[in-house]
Amino acid sequence: MKNFNLEILHKDPNSRARTTKINVFGKEVMTPVFMPVGTLASVKFLSPEDIKKINASIILSNTYHLWLRPGEDIVDQAGGIHKFMNYDGPVLTDSGGFQVFSLADARKISEEGVYFKSHIDGSKLFLSPEKAIQIQQKIGSDIAMSFDECIPYPSDYNYAKKSVARTLRWAKRGKDAHFRNDQALFGIVQGGDYDDLRKECAEALVEMDFDGYSIGGTSVGEDKETMYRMIDYSIKYLPENKPRYLMGVGAVNDILEGIERGVDMFDCVLPTRIARHGTLMTSVGRINIKKAIYKNDFTPLDAKCDCETCQNYTKAYLNHLFRCNEGLGNRLLSIHNLRFLIKLVEDARKAINEDRFQEFKAETLKNCGFDQRGF
RNA sequence: GGAGAAGUAGCGAAGUGGCUAAACGCGGCUGACUGUAACUCAGCUCUCUACGAGUUCGGCGGUUCGAAUCCGUCCUUCUCCA
């Protein structure tokens, strides 16, 4: 019996939003949760101490990328990913399924698996559902993902149907190859924006009995309404007593819409990526710190934020760091954006527990300026 | 005082008779970024009444159908010799 389970703490009476406590092999994860992404066993520019300081409770890493470098054997020899990167909190590894989408120009899909052309040295690689599980078991993450095909949007119905069937066969193969009792395994719902395909996929995965379920294939270029529909089409077929993870979503409005629809877990590169590009998420919307107007603005980035950056530095200083391409700017903004999203889900949990999630959501969206533009 | 070299858009730097409002880089200004090939990418950066027009390549004056590019002269800077 795996020491992995979910306890529902509170349900919002006005939506499907909920708070839960996920027990990840003795480590607690309160949901809704936002998971910072550390693809290469590193949340870019942040140390494990930084990650803890922003109150992150679980982070993500990536099978495909660690497989290429340094190789799963090295991580295994280090004693697993926690020891390797000196981070003792829960770690979830994505399977490489997203790379089927993001590296589409350098890969070929077959029934057996996916052939990749390495983006590092051009060598030929082959990743199968079994191999993806084997790698993740060696990496030693707390939660592994099954190998799926993340299809682009739009995809025509016939392709999506074919792909879902294959992703399901891959899910079964991966599950059969999985044996670690100290590692959970999640299935991934695909099916594009087709209700019946999402249903077919979700129900088949539930039948296979995974430890949790993800909603994949979103945030691949579709419009917001379509994304929210994909979530609806997927989540209604998923069981209440297992975690629901919306993959790759991290814009403020998307997170709130996801929570409202019953999502427990989110991950996204957005906060760290845009931080490196000078954009910060604030309680009044997104701003780009490189803009000339911040050159002599000696106020904190976000008056309502409790992060290290907002407590200690001004916009003018961050503006200066970015103009000079100083790495500290990347770190400070990454800390801020991650803390901002983690605080967002913390506040959301509180609101759900106090039966005022709808008000919280409406107020947050209004403050962030969603009436005029996306976040 | 003499000899040589050079002055191109905010800066650096190509161009050496028409295809040049002038490559490229930096700087500057905008915008994008959602399970990370991303400290990345895209656009703009002489002026204007702006899918067109007007002024440019140290100044002035020439040669030429046509000049940033050739000639004269002046100014400035740098190097070397006194």
Side-chain angles (χ1 to χ4, degrees), chain A residues 34-46 59-66 68-69 92-107 116-122 125 132 141 143-151 153 186 188-190 214-224 226-228 230-231 245-255 257-258 263 265-281 286-295 319 321-334 337 341 373-375:
Chain A
F34 180 80
M35 308 183 278
V37 180
T39 302
L40 287 160
S42 154
V43 178
K44 294 186 193 300
F45 282 94
L46 267 62
I59 65 170
L60 215 74
S61 195
N62 184 281
T63 302
Y64 175 86
H65 288 284
L66 291 180
L68 266 63
R69 280 192 309 208
L92 181 154
T93 38
D94 186 27
S95 60
F98 185 71
Q99 279 62 47
V100 178
F101 163 78
S102 66
L103 302 177
D105 294 338
R107 60 101 175 110
F116 287 96
K117 185 172 153 64
S118 164
H119 64 275
I120 298 165
D121 62 7
L125 306 163
S141 54
I143 301 173
M145 304 299 301
S146 48
F147 189 56
D148 64 328
E149 181 196 357
C150 178
I151 62 170
Y153 178 86
F186 284 20
I188 304 176
V189 181
Q190 292 289 347
S214 314
I215 299 162
T218 65
S219 56
V220 289
E222 76 283 10
D223 55 87
K224 300 281 186 196
T226 302
M227 182 202 286
Y228 303 151
M230 288 174 173
I231 301 170
Y245 163 29
L246 178 58
M247 307 185 81
V249 168
V252 169
N253 48 349
D254 297 337
I255 287 177
E257 295 293 340
V263 173
M265 305 163 71
F266 301 86
D267 82 283
C268 198
V269 306
L270 191 66
T272 42
R273 178 178 292 165
I274 68 176
R276 274 176 273 124
H277 299 166
T279 301
L280 54 141
M281 299 168 159
R286 269 189 216 183
I287 67 173
N288 191 316
I289 200 65
K290 289 187 285 192
K291 285 170 79 85
I293 46 170
Y294 301 117
K295 217 168 175 175
N319 176 278
L321 291 179
F322 269 86
R323 280 176 193 277
C324 300
N325 197 25
E326 280 292 321
L328 179 59
N330 294 302
R331 174 168 171 268
L332 293 176
L333 242 56
S334 294
N337 280 350
L341 287 187
R373 62 203 166 103
F375 197 42

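Just so we're clear, the structure is a prediction, and the values are computed from it rather than from any experiment.
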Could you give the [atom1]-to-[atom2] distance, from [X] to [N], as a whole number of Å?
{"X": "Ile231(A)", "N": "rU34(B)", "atom1": "CD1", "atom2": "P", "value": "16 Å"}
{"X": "Phe98(A)", "N": "rU36(B)", "atom1": "CZ", "atom2": "P", "value": "6 Å"}
{"X": "Met35(A)", "N": "rG35(B)", "atom1": "CE", "atom2": "C1'", "value": "8 Å"}
{"X": "Arg276(A)", "N": "rA37(B)", "atom1": "CZ", "atom2": "C1'", "value": "12 Å"}
{"X": "Arg273(A)", "N": "rA37(B)", "atom1": "CZ", "atom2": "C1'", "value": "10 Å"}
{"X": "Asn330(A)", "N": "rC33(B)", "atom1": "CG", "atom2": "C1'", "value": "15 Å"}
{"X": "Asp121(A)", "N": "rA37(B)", "atom1": "CG", "atom2": "P", "value": "16 Å"}
{"X": "Ile289(A)", "N": "rG31(B)", "atom1": "CD1", "atom2": "P", "value": "14 Å"}

Could you give the distance separating [M] and [N] at their [atom1] atoms, to the nearest angstrom?
{"N": "rC29(B)", "M": "rU36(B)", "atom1": "C1'", "value": "28 Å"}
{"N": "rG31(B)", "M": "rC46(B)", "atom1": "C1'", "value": "24 Å"}
{"N": "rG17(B)", "M": "rG66(B)", "atom1": "C1'", "value": "8 Å"}
{"N": "rA21(B)", "M": "rC74(B)", "atom1": "P", "value": "32 Å"}
{"N": "rG27(B)", "M": "rC11(B)", "atom1": "C1'", "value": "7 Å"}
{"N": "rU56(B)", "M": "rA67(B)", "atom1": "P", "value": "11 Å"}
{"N": "rA14(B)", "M": "rC33(B)", "atom1": "P", "value": "40 Å"}
{"N": "rG25(B)", "M": "rU45(B)", "atom1": "C1'", "value": "14 Å"}

Taking atom CG of Asp223(A) as the centre, report whether more than 12 heavy atoms of other residues, nucleotides or ligands fall under 6.0 Å from it.
-> yes
Is a donor-acceptor contact shorter than 3.5 angstrom present between the side chain of Thr272(A) and the base of rU36(B)?
-> yes
Which one, [options], comes nearest to the side chain of [X]?
{"X": "His65(A)", "options": "rC33(B), rU36(B), rC39(B)", "value": "rU36(B)"}
{"X": "Thr279(A)", "options": "rC39(B), rG35(B), rC33(B)", "value": "rC33(B)"}
{"X": "Met247(A)", "options": "rC33(B), rG35(B), rC39(B)", "value": "rG35(B)"}
{"X": "Lys224(A)", "options": "rU34(B), rG35(B), rU36(B)", "value": "rU34(B)"}
{"X": "Arg286(A)", "options": "rG35(B), rA38(B), rC33(B)", "value": "rC33(B)"}
{"X": "His119(A)", "options": "rC39(B), rG35(B), rA37(B)", "value": "rA37(B)"}
{"X": "Leu60(A)", "options": "rG35(B), rU36(B), rC33(B)", "value": "rG35(B)"}

Toward the 5' end of RNA chain B, by each residue's nearest nucleotide, Cys150(A) or Lys295(A) = Lys295(A)
Sorted by position of nearest nucleotide on RNA chain B, 5' first, the leading residue of Met227(A) and Ile293(A) is Ile293(A)
Touch check for [X], heavy atoms < 4.0 angstrom, all strands: base, sugar-phosphate only, or nothing?
{"X": "Ala106(A)", "result": "nothing"}
{"X": "Glu222(A)", "result": "nothing"}
{"X": "Asp267(A)", "result": "sugar-phosphate"}
{"X": "Leu40(A)", "result": "nothing"}
{"X": "Ser118(A)", "result": "nothing"}
{"X": "Gly327(A)", "result": "nothing"}
{"X": "Gly329(A)", "result": "nothing"}
{"X": "Ile274(A)", "result": "base"}
{"X": "Leu103(A)", "result": "base"}

Donor-acceptor contact present, side-chain Ser214(A) to main-chain Gly216(A), <3.5 Å | no
Counting distance only, does the side-chain N/O of Thr279(A) pair as donor-acceptor with the main-chain N or O of Ile287(A) below 3.5 Å?
-> no
Would you indicate, yes or no, if [N] has its OP1 or OP2 atom less than 4.0 angstrom from a side-chain nitrogen or oxygen of [X]?
{"X": "Asn62(A)", "N": "rU36(B)", "value": "yes"}
{"X": "Lys290(A)", "N": "rC29(B)", "value": "no"}
{"X": "Gln99(A)", "N": "rA37(B)", "value": "yes"}
{"X": "Ser219(A)", "N": "rU34(B)", "value": "no"}
{"X": "Arg323(A)", "N": "rG27(B)", "value": "no"}
{"X": "Lys291(A)", "N": "rU30(B)", "value": "yes"}
{"X": "Ser102(A)", "N": "rG35(B)", "value": "no"}

Who pairs with [N] - Watson-Crick or G-U, where each distance is under 3.5 Å:
{"N": "rC39(B)", "result": "none"}
{"N": "rC57(B)", "result": "none"}
{"N": "rA5(B)", "result": "rU77(B)"}
{"N": "rG17(B)", "result": "none"}
{"N": "rC51(B)", "result": "none"}
{"N": "rC24(B)", "result": "rG12(B)"}

Would you sort out whether Ile274(A) and Met281(A) count as a side-chain contact (heavy atoms from CB on, under 4.5 Å), showing the intermediate values?
-> CA-CA 9 Å; Ile274(A) 68 176; Met281(A) 299 168 159; 4.1 Å; yes
Test item: Thr272(A) and Leu46(A) side chains (from C-beta on) under 4.5 Å apart, heavy atoms = no
Going by 5.5 Å between centroids and 30° between planes, is there a stack of His277(A) over rC39(B)?
-> no
Would you please classify the geometry between the Phe116(A) ring and the Tyr64(A) ring as parallel, tilted or perpendicular, with 30° and 60° separating the classes?
-> tilted
Residue pair [X] / [Y]: nearest heavy atoms and the distance that separates them:
{"X": "Phe34(A)", "Y": "Pro271(A)", "answer": "CZ-CG, 3.7 Å"}
{"X": "Ile255(A)", "Y": "Val249(A)", "answer": "CG1-O, 4.1 Å"}
{"X": "Ile289(A)", "Y": "Asn319(A)", "answer": "O-ND2, 2.8 Å"}
{"X": "Ser141(A)", "Y": "Leu92(A)", "answer": "CB-C, 4.4 Å"}

